[in-house]
Peer 1: 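Could you have a look at this structure, given as structure tokens, before my questions?
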Amino acid sequence: MANSKFEYVKQFEQPDQLLPNTWVVVRIDGRGFTKFSTKYGFEKPNDKRALDLMNAAARAVMSELPDITIAYGVSDEYSFVFQKSCTLFERRASKLVSTIVSTFTAYYVHLWTSYFTDIPLSPPLPSFDGRAVCYPSIQNLRDYMSWRQVDCHINNLYNTTFWALIQLGGMDATEAEQSLKGTFSADKNEILFSKFHINYNNEPEIFKKGSVIFRDYELVEPGTHNVVEEVEKMAEPIQQSKSQAEKDKKKRAKAPIVIEHLDIIKDDFWDRRPWLLSNKPGQIPKET
Ligand SMILES: Nc1nc2c(ncn2[C@@H]2O[C@H](COP(=O)(O)OP(=O)(O)OP(=O)(O)O)[C@@H](O)[C@H]2O)c(=O)[nH]1
Ligand SMILES: [Mg+2]
Ligand SMILES: [Mg+2]
């Protein structure tokens, strides 16, 4: 068919392919959730229903996009990690980000009533922004994940102490803020324990560590570097045939998706699940 005279406008489209052979992280974040959480009466500092809903929406995203290897969520944000060899949408940033954002938002709204049974959603409806960043090394990717989990810890310790001072200590927000000014982690732990008999270590893991979602295979004993057969089958060489890629994709799609609240800063989590980072079977990648 002949091109129309309007076809030239396609030339205005900008390429936005992400760097090949890098881990692509798409992070989404709730828009104006300070206001949104007040409107729906989220419990302070953490609302388990809200976190479970975020996790359910993220799990749905992962099951629809088998190229995502792991996701980490805290508060109103979620980071989705695409495997290094991912070629989905030719790695076009706008397609990857918009697909994640819209799929996540659609599920967040769809699943809302399962978690907030007594408060129906009304406009303005929840929305999320998103961005994509490429990380070229395992160290960079792990540092990114660690950054988010450290953020979770710092914010949660602050918020837990802040709200204890208000809810249990009778302070107003200004007084609570004032008494936390210049304090270190140890001071906040001490305030919680001495004033309110709260041992921060006993707070729920989901609040302290956030949530990590991944495809589950058999765990590998730390230090053995002995990857189970299932992992060997799904692990990919850098260059692989299309049919093999399809097979691996199907395998990933079938693997159970689990939600945990684990330490993802230390080596142990990654050492025991080499398939999360490895393209090569039978070895845990180590590089800088
Ligand atoms: N009470 C309560 N609030 C929450 C919870 N999770 C998230 N929030 C709120 O969501 C906010 C998320 O922070 P941000 O993403 O930095 O701020 P935002 O208001 O969403 O603003 P933008 O992201 O810039 O649009 C927190 O500051 C809280 O006010 C929760 O479990 N309980
Ligand atoms: Mg936000
Ligand atoms: Mg946020």
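As the structure lists them, so they are numbered: ligands from 1, and atoms in each ligand from 1. Numbers here simply count residues along the sequence, with the first being 1.
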Peer 1: Considering only the protein, which heavy-atom contact is closest to atom 27 (O) of ligand 1, and what is its distance?
Peer 2: T34 OG1, 3.8 Å
Peer 1: Any nitrogen or oxygen of K44, main chain or side chain, under 3.5 Å from a nitrogen or oxygen of ligand 1?
Peer 2: no
Peer 1: Side chains of S137 and N140: is there a donor and an acceptor less than 3.5 Å apart?
Peer 2: yes
Peer 1: Need the atom name: nearest N/O/S atom of D29 to the Mg ion (ligand 3).
Peer 2: OD2
Peer 1: Any N or O on L51 sitting closer than 3.5 Å to an N or O of ligand 1?
Peer 2: no
Peer 1: Determine whether the aromatic ring centres of F128 and F33 lie less than 6.0 Å apart.
Peer 2: yes
Peer 1: State, without any angle test, whether Q83 and S85 hold a side-chain donor-acceptor pair at a distance under 3.5 Å.
Peer 2: yes
Peer 1: Working to the nearest 0.5 Å, report the span between CZ of F82 and CD1 of I68.
Peer 2: 4.0 Å
Peer 1: For the Mg ion (ligand 2), find the closest N/O/S atom belonging to D76 and write down its atom name.
Peer 2: OD2
Peer 1: How far is atom 31 (O) of ligand 1 from the closest protein heavy atom, and which atom is that?
Peer 2: D47 N, 2.8 Å
Peer 1: Okay, side chain of T22, backbone of L19: is any donor-acceptor separation there less than 3.5 Å?
Peer 2: yes
Peer 1: Under 2.8 Å from the Mg ion (ligand 2), can any N, O or S atom of F33 be found?
Peer 2: no
Peer 1: Does any N/O atom on D76 come nearer than 3.5 Å to any N/O atom on ligand 1?
Peer 2: yes
Peer 1: Is the closest side-chain donor-acceptor distance between Y200 and N156 under 3.5 Å?
Peer 2: yes
Peer 1: Before giving the answer on side chain to side chain donor-acceptor pair (under 3.5 Å), spell out for R27 and Y144 the whole-Å C-alpha distance, their side-chain angles and the decisive distance to 0.1 Å.
Peer 2: CA-CA 11 Å; R27 182 169 78 252; Y144 171 82; 3.1 Å; yes
Peer 1: May I ask whether atom 29 (O) of ligand 1 is less than 4.0 Å from at least one protein heavy atom?
Peer 2: yes
Peer 1: Which of the atoms of ligand 1 are close to R31, meaning less than 4.0 Å from one of its heavy atoms?
Peer 2: 25 (O)
Peer 1: So, D47 and R49, do they make that salt bridge, N to O below 4.0 Å?
Peer 2: yes
Peer 1: Which residue and non-hydrogen atom of the protein lie closest to atom 5 (C) of ligand 1, and at what distance in Å?
Peer 2: F42 CD2, 4.0 Å
Peer 1: Would you mind running through ligand 1 and noting each atom that sits below 4.0 Å from a heavy atom of D29?
Peer 2: 15 (O), 23 (O)
Peer 1: Taking the ring of F36 and the ring of W112, is the distance between their centroids below 6.0 Å?
Peer 2: yes
Peer 1: Examine E77 and say whether one of its N/O/S atoms is closer to the Mg ion (ligand 3) than 2.8 Å.
Peer 2: no
Peer 1: When you measure from atom 6 (N) of ligand 1 to every protein heavy atom, which one gives the shortest distance, and what is it?
Peer 2: S75 OG, 3.7 Å
Peer 1: Between the side chains of Y78 and N55, is a donor N or O closer than 3.5 angstrom to an acceptor N or O?
Peer 2: yes
Peer 1: Please identify which atoms of ligand 1 are closer than 4.0 Å to at least one heavy atom of N46.
Peer 2: 31 (O)
Peer 1: Quick check: A50 and ligand 1, any N/O pair under 3.5 Å apart?
Peer 2: no
Peer 1: What atoms of ligand 1 come closer than 4.0 angstrom to any heavy atom of P45?
Peer 2: 2 (C), 30 (C), 31 (O), 32 (N)
Peer 1: Quick one: are the ring centres of Y72 and F214 less than 6.0 Å apart?
Peer 2: no
Peer 1: Within the structure, does at least one protein heavy atom fall under 4.0 Å of atom 16 (O) of ligand 1?
Peer 2: no
Peer 1: May I ask you to identify the nearest protein heavy atom to atom 25 (O) of ligand 1, giving residue, atom name and distance to one decimal place in Å?
Peer 2: G32 N, 2.7 Å
Peer 1: Looking only at heavy atoms, which two atoms of P120 and Y40 are closest? And how far apart?
Peer 2: O-CE2, 3.6 Å
Peer 1: Is it true that E43 lies under 4.0 Å from ligand 1, counting heavy atoms only?
Peer 2: yes
Peer 1: Could you find the nearest protein heavy atom to atom 20 (O) of ligand 1 and give me its residue, atom name and distance?
Peer 2: F33 N, 2.8 Å
Peer 1: Kindly say whether S185 contributes a backbone atom to a donor-acceptor pair with the side chain of N189 at under 3.5 angstrom?
Peer 2: yes
